[in-house]
Amino acid sequence: MAELQLENISKNFGSIKVIHDVSLAVQQGEFVVFVGPSGSGKSTMLRLIAGLEDISSGTLKIDGQVANDLTPVQRGIAMVFQSYALYPHMNVYDNMAFGLRRHNMSKTEADAHIRDTARSLDIEQYLDRLPRQLSGGQRQRVAIGRAIVRQPKLFLFDEPLSNLDAALRVNTRLEIAKLHERMPDTTMIYVTHDQIEAMTLADRIVVMNHGNIEQVGTPMELYHNPVNQFVAEFIGSPKMNIIQDENAVEKTGIRPEHIELVADGQGQWRGKVEAIEELGAETLVFVRLPTEELVLVRVGDDQSVTRNDMVGLAPIEDKILRFNRDGGRC
Amino acid sequence: MPIWIKRTSFYALVAVIFVLSVFPFYYAVVTSFKSGQAIFNVDYWPTSFSLDNYFTVLTQGVFGQQILNSIMVATGVVLISLALAVGASYALSRIAFRGKTLMLFTILSVSMFPQIAVLAGLFELIRSMGIYNSLWSLVFSYMIFTLPFTVWVLTTFMKALPVEIEEAAIVDGASPIEIIVKVFLPLMWPALVTTGLLAFIHAWNEFLFAFTFMATDAKRTVPVAIAMISGGSEFEVPWGNIMAASVVVTVPLIALVLIFQRKIVAGLTAGAVKG
């Protein structure tokens, strides 16, 4: 139930500036994902919003009110940590109850609320257990339960899936998406370095790099219309091919799924098939151009190529992006 | 080397260490059960069993009061040092401030002064504070030695606790005091028990300060009291009584260590195994 406004937020650690003048408005109920490589400042942004770090300059507003000096509780946030950070000496019930003791809630009310929350996350049967008696996925759900039991206005996630194995990660991702549907009024901010999590969960993605926002947009906007080479390469998997033009000034960006393999002599480029990765539903073909650049092409399982073939590469014309030397679009 | 030689020499070494460390106490126990002239016969096995010495020690004079003094001083030292050390270690491990490292090393260097070097100055200090011949003088002076290591051990231990747990508590609205009491203390108790036990043993055994700062018999702690047990004349040393008193003050210490040692080990392994 919160609108969030960041106005020219900066953060210094000593003399090192890690966040540069970031401005962003997040609407109530929106699911915003901060994504970027490590060191991009995305986690620091989350900690500034949470109130775990002081803002060096700029204004943070929650529901129109300046929140720079408010405590996390006054801001109405809840947070899921990367390592879950459950209290090791408390059982699941007490972990969830710990944050509730400040709420004006009677014991029976709190108890009912905790049990409801536990039921909705399917952890009701573990209420008496200690965190160390739970699996990684169960701990993750307890961490989410501990956060939502407080009915936060702002729900923050700090790389919550990175400690889970691949299969569990997909499941938990779906659960977080469902959670967002169930809590349509709660604003959620999610930090990850994994662009797939960003693409699947976000209403809007904020791409960060070196403490700056590179671009803000819906997943599809970022995929189809990135403002620069950094965003283009960061969003999408496998990542976009960047091919230097002959004049060495401009670059052509084309996604692996937007190139067709054609007979040698046709298409815009030619090259030699260096490696083939067959993944079943699709096949990834690595083609080495005469300029030594490696181009990745994603083809259906019906195409047959063999290693060391000479092939032609035909990009889909209207999917081509052009970048100048600095990585900007042109 | 054949295995039996290895094994034999290993157990021989264990036996030597065991005898060296346990024999003096064993001999005190054996002697304490003797009475009269039998004390002056050298016996390695118990030959007689008499509780006379214990009866004499506990009923004559103020030995009971002195044991109580020791208990109060040692307990006071443990409680106050742990309370101060927990607060200090929270600051030293979690809060960034100027001169933190300098402070840590200053604290450590305090424990390096020989007791005798600070004795005279400390005596003046205690006189001026008006706690001469009061148990508080011992509680105060023992903390010079217990605080450095409790602060150091607890700081190291607290540094190892994940920061995210503390942050989760902050997000849950816990104040610094609540974080220490409700989150850190339950996680730290193996360290608290270990350091508390060491502080207790130190305070229990200390002699020089206890000898210097206490003027009257009823205020003395047991190490001094035992040293001052005297016989009917200056030519008579009541070995039986001294041995009985030594056993009386040692047994609770051994019991404490044995009880808590198990819990220390249990606590440490429970924390160490992460899923």
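So you know, we letter chains A, B, ... as the sequences are listed, proteins then strands, and number each from 1. Hydrogens, waters and symmetry mates are skipped; everything else that's a heavy atom, side chains included, is used.
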*Heavy-atom distances under 4.5 Å only: say whether A:Leu86 touches chain B with side chain, backbone, both or neither.*
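Contact with chain B: backbone only.
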*Given that the side chain runs from C-beta out, which part of A:Gln74 has a heavy atom under 4.5 Å from chain B: side chain, backbone, both or neither?*
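Neither the backbone nor the side chain of A:Gln74 comes within 4.5 Å of chain B.
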*Side-chain (A:His89) to main-chain (B:Lys182) donor-acceptor, under 3.5 angstrom*: yes
*Taking B:Glu164 for its side chain and A:Ala85 for its backbone only, find out whether a donor-acceptor pair lies under 3.5 Å.*
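No: the side chain of B:Glu164 does not pair with the backbone of A:Ala85.
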*Hey, which residues of residues 111-122 of chain A are touching chain B, say heavy atoms under 4.5 Å apart?*
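Not one residue of residues 111-122 of chain A has a heavy atom under 4.5 Å from chain B.
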_Residues from residues 30-57 of chain A approaching chain B under 4.5 Å (heavy atoms)_ =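 Residues A:Arg47, A:Leu52 are the ones that qualify, each having a heavy atom under 4.5 Å from chain B.
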*Sort out for me which of A:Gly136, A:Pro88, A:Ala78 touches chain B most, counting heavy-atom pairs under 4.5 Å.*
A:Pro88
*Hey, which of A:Ser135, A:Ala143, A:Ser83, A:Pro131 has the most heavy atom pairs under 4.5 Å with chain B?*
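With the most close heavy-atom pairs to chain B, the winner is A:Ser83.
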Counting heavy atoms not belonging to [X], are there more than 12 under 6.0 Å from its [atom1]?
| X | atom1 | answer |
| --- | --- | --- |
| B:Gln65 | CD | yes |
| B:Phe25 | CZ | yes |
| B:Arg98 | CZ | no |
| B:Leu13 | CG | yes |
| B:Phe207 | CZ | yes |
| B:Phe105 | CZ | no |
| B:Met103 | CE | no |
| B:Ile177 | CD1 | no |

*With respect to B:Val171, which candidate in A:Thr71, A:Leu156, A:Ile77 satisfies the side-chain contact (heavy atoms from CB on, under 4.5 Å) definition?*
A:Ile77
_NZ/NE/NH1/NH2 to OD/OE distance under 4.0 Å, B:Asp172 and A:Arg150_ =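 Looking at A:Arg150 together with B:Asp172, the answer is yes, because their closest N to O distance falls below 4.0 Å.
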_Using heavy-atom distances under 4.5 Å, tell me whether B:Glu166 contacts chain A through its side chain, its backbone, both, or neither._
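For B:Glu166, neither part sits under 4.5 Å from chain A.
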*Which atoms form the tightest heavy-atom contact between A:Val73 and B:Gly173, and what is the distance?*
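For A:Val73 versus B:Gly173, the nearest heavy atoms are CG2-CA, 3.0 Å.
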*Student check: side-chain heavy atoms of A:Phe98 and B:Val183 closer than 4.5 Å*: yes
